[in-house]
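Please read these numbers as outputs of a predicted model, since none were measured by experiment. We count residues from 1, following the sequence as given.
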Amino acid sequence: MHPLVTARAVDRAFDYAVPDDFEQRVVPGARVRVPLGAREVEGVVAAVEDGAGADLKPVLEVTGQVPAPLLELAGWVAADYGSTLARALALVIPPRPPRRRLAPSPYGETAAAPARVSLTDAQREALAACRRALEEGAHELLLHGVTGSGKTEVYLGAIEEVLAAGGGAIVLVPEIALTPQTASRFVARFGDTVAVLHSGLTPARRGAEHARIGAGEARVVVGARSAVFAAVPGLRMIVIDEEHDASYKHESDPRYDARRVAARRARIEGALVVYGSATPRPESWHGIRRRAALPARVGGHLPAVQVVDLRRDAGYPFTRPLLDALGAIEDGGGRAILLQNRRGAAGALHCRTCAHSWRCPRCDVALTLHGRAALVCHHCGHREKAPAACPDCGSVDLARIGAGTERVEADLVDRFPGLEVLRLDADVAATAGEPEATLARFRESPRALLVGTQIVAKGHDVPGVTVAAVLDAETGLALPDFRAEERTFSLLTQLAGRPGRPGDPRGRVIIQAWDPESRPVALAARHAVEEFLEGELQRRRELGYPPFRRLVRLLVTAPSQDVAQGAATALADAAIPALTGDAVLGPVPIGRLRDRGRSHLIVKTGDPRRAAAVFRGLLRDLAPDMRRADAAAVVDVDPQTML
Ligand code: ADP
Ligand code: ZN
Ligand code: ZN
């Protein structure tokens, strides 16, 4: 008998002999120490084969066992995302526990548990829906609740019941650094039985938390996407808070989506996934029939939304209604959040007179400006000349989109000397500890403006926010991505959820838009989530986008654009015969990034696993050629970004 042992360090499987002492324990999923060249590495037994292994090196030690459900899950991740078993196993293997005992984690010292609230009728019904789903063995439930409707209280109640029945739970949150309150509410309710996993943990602390989880001491795990792999014994429930958030997709190999992994894991282990959001994804709305709703805010109203037409109100990025609202804060105190979502380097063209935007006739995504002269579709490669005048209204007042957050910040400092102006965007957030520090200053300042990219729209629970505004609702719509409408709608709705916490005066939301009638803007202003989702699903059905077909993206980078495009074309030509029934869009050059030329192609398919396997196989065969040309390729199943 000899096992094939696979290890992250080498990403391949090797054959070993099994000493008699270990025979019982060397089974698939066993964690072992093995010699590899001059080193010793840790690996996992991928398979066991019969036969004498006299000429093989022996397994040195059996150190543990990957739980069977997680072993199965890793196999699924590897196959579904076109990765390798070694890489997928690395996700489910907990880090080593530290040798010495650590002091209790900072989350353990949170202030005394807040008084229990008594649930509203809607919350009680949602909780009953969770209970029924568990009893009936359902695996998915969508909790659609407007911002501030008390979803977290429902999660807490449901998990309390899971714990009482002897089970365990995982709570996924988008990014703990930005939403520490959510994690601390679980600690406040359940105390020591909560493990909080976040990116700021030291390796020793991480190891200690995983040891508590594995031992069954911590039965509630709160963490970002990778916590979906936590080895919670007796898992009964996985909560995915803010399920629409793009951070649930892992952006390096294996490029898994924690939402789909959770669904799979729930099926393997007989657990229930509760997806919660104020703005569910069209995929979830379509696919999850079991739903519970929290239609109203607890102790408050949704804020009044005013849409300001940028074609009529001059002064972009600061129109009169916005200046007046900020002036009122300067005089009377309060806090405002201003969103200026200028993301990515891609430029777009836009008519300032009639709000016409240039879109691909075949893919219905915004065309991207290449240089000054060309408009290109990043999905299919459609290309047209950048016009001098608007085809709808004849205006020559055409704008490139985007005044960045830094300029907005500087302008605000000049205009409102009496206000503390703070900025939060990807540049600021990249500094360790910065987002929390900026948010803390914002929370404490009596008169403050927080300017930033989409980070500022997320669920920070800041009291006293009286104004939330978006300077240009269309920036996101210009992104060359079929999810641009969904993202814009979700962002506007989330932003509109910031003012008016319980006890605050009714807040005010100002949306500045070039085209107030566009669906994402008009429907967000009316809080019309279901109407938006139904329309979006219809559009996607017509165009063959998810959830009706799935996408697989192949991205090739190389020192020059020509080499990237050449390699992508060769890969496409080789793949197409194997992709019967699939639509292959591109390859399209999509512009340089970090000094590399880039090309991508997109496959619309009913069988993403096959498409991923086809590309993986080709890339393995072509690896020497690719290396010679200094080209690299990424296969992305269910891509969340097309940039
Ligand atoms: P969501 O997660 O839907 O945004 P939260 O669970 O954070 O909503 O609730 C919003 C606010 O309302 C929180 O401050 C929470 O403590 C409070 N809250 C929730 N449910 C109740 C309730 N039944 N009674 C009183 N306050 C509540
Ligand atoms: Zn026009
Ligand atoms: Zn196109």
Side-chain angles (χ1 to χ4, degrees), residues 147 302-343 350 352-353 355 399 401-425 442 445-458 460 462 464-478 488-489 491-500 504-518 520-527:
T147 49
L302 287 170
V305 180
Q306 178 186 2
V307 181
V308 177
D309 189 335
L310 285 168
R311 291 165 298 180
R312 284 213 306 268
D313 284 86
Y316 174 80
F318 305 110
T319 61
R320 185 47 42 204
L322 178 59
L323 291 172
D324 289 347
L326 300 182
I329 291 179
E330 193 170 36
D331 295 340
R335 303 192 180 98
I337 295 177
L338 301 186
L339 171 73
Q340 176 66 325
N341 202 27
R342 181 223 51 189
R343 229 181 53 181
H350 162 87
R352 281 187 193 272
T353 308
I401 290 190
T405 43
E406 275 179 65
R407 215 201 82 204
V408 171
E409 178 191 23
D411 282 1
L412 288 169
V413 169
D414 286 348
R415 282 169 190 265
F416 297 102
L419 293 176
E420 180 168 11
V421 179
L422 301 163
R423 177 166 62 90
L424 196 56
D425 55 26
F442 184 55
S445 172
R447 286 175 164 69
L449 303 181
L450 178 66
V451 184
T453 51
Q454 54 179 338
I455 302 176
V456 302
K458 297 200 176 175
H460 331 290
V462 177
V465 173
T466 48
V467 175
V470 51
L471 301 187
D472 179 348
E474 272 95 3
T475 26
L477 292 178
T488 297
F489 177 80
L491 192 60
L492 297 178
T493 305
Q494 302 290 332
L495 183 83
R498 303 285 61 93
D504 285 343
R506 187 169 190 202
R508 210 176 143 193
V509 175
I510 297 173
I511 297 177
Q512 301 188 148
W514 300 98
D515 181 7
E517 303 308 318
S518 74
V521 174
L523 295 178
R526 288 201 277 116
H527 305 287

side-chain hydrogen bond (donor to acceptor under 3.5 Å, both in side chains) against Thr353, all qualifying residues, sequence neighbours excluded: Ser395
Any residue meeting side-chain hydrogen bond (donor to acceptor under 3.5 Å, both in side chains) with Thr493, in chain and number order, not counting sequence neighbours: none
Does the side chain of Pro499 come within less than 4.5 Å of Thr466's, by heavy atoms? no
So which heavy atom on Arg352 is nearest to which on Trp514, and how close? NH1-CH2, 3.4 Å
Phe489 side chain near Leu523 side chain, heavy-atom distance below 4.5 Å: yes
Would you find a donor on one side and an acceptor on the other, under 3.5 Å apart, between the side chain of Glu474 and the backbone of Asp515? yes
Is there a donor-acceptor pair closer than 3.5 Å between any side-chain N or O of Gln512 and the backbone N or O of Pro317? yes
Partner set under side chain to side chain contact (heavy atoms under 4.5 Å, CB included) for Pro321, not counting sequence neighbours: Gln306, Val308, Asp313, Thr319
Would you confirm whether Arg508, through its side chain, and Pro303, through its main-chain N or O, come within 3.5 Å as a donor-acceptor pair? no
Arg447 meets the side-chain hydrogen bond (donor to acceptor under 3.5 Å, both in side chains) criterion, sequence neighbours left out, with none
Is the shortest heavy-atom distance from the side chain of Leu492 to the side chain of Val521 under 4.5 Å? yes
Taking every non-hydrogen atom, the tightest pair across Leu322 and Ala469: CD1-CB, 3.6 Å
Side chain to side chain contact (heavy atoms under 4.5 Å, CB included) against Ala522, all qualifying residues, sequence neighbours excluded: none
Taking C-beta and beyond as the side chain, do Ile511 and Leu495 meet within less than 4.5 Å on heavy atoms? no
Can you name the nearest heavy-atom pair linking Glu409 to Val421, along with the distance? CG-CG1, 3.9 Å
If we only count heavy atoms from C-beta on, is the Arg423 to Val408 side-chain gap below 4.5 Å? no
Could I get the full list of side chain to side chain contact (heavy atoms under 4.5 Å, CB included) partners for Thr147, not counting sequence neighbours? Ala278, Arg297, Leu302, Gln494
Restricting to side-chain hydrogen bond (donor to acceptor under 3.5 Å, both in side chains), what partner residues turn up for Asp411, sequence neighbours left out? none
Arg415 meets the salt bridge (Lys or Arg N to Asp or Glu O under 4.0 Å) criterion, sequence neighbours left out, with none
Run the side-chain donor-acceptor check on residues 323-339: report pairs under 3.5 Å with partners two or more places apart or on a different chain.
residue, atom, partner, partner atom, Å
Asp324, OD1, Arg320, NH1, 3.1
Glu330, OE2, Gly418, N, 2.8
Arg335, NE, Phe442, O, 2.9
Arg335, NE, Ser445, O, 2.9
Arg335, NH1, Pro463, O, 2.6
Arg335, NH2, Arg443, O, 2.9
Arg335, NH2, Ser445, O, 3.0

Interatomic distance, CG@Leu471 vs CD@Gln340, rounded to 0.5 Å, equals 4.5 Å
Testing the basics here: between Val307 and Ala525, what is the closest heavy-atom pair and its distance to 0.1 Å? CG2-CB, 3.6 Å
What distance separates Leu449 CG from Leu412 CG, expressed to the nearest 0.5 Å? 5.5 Å
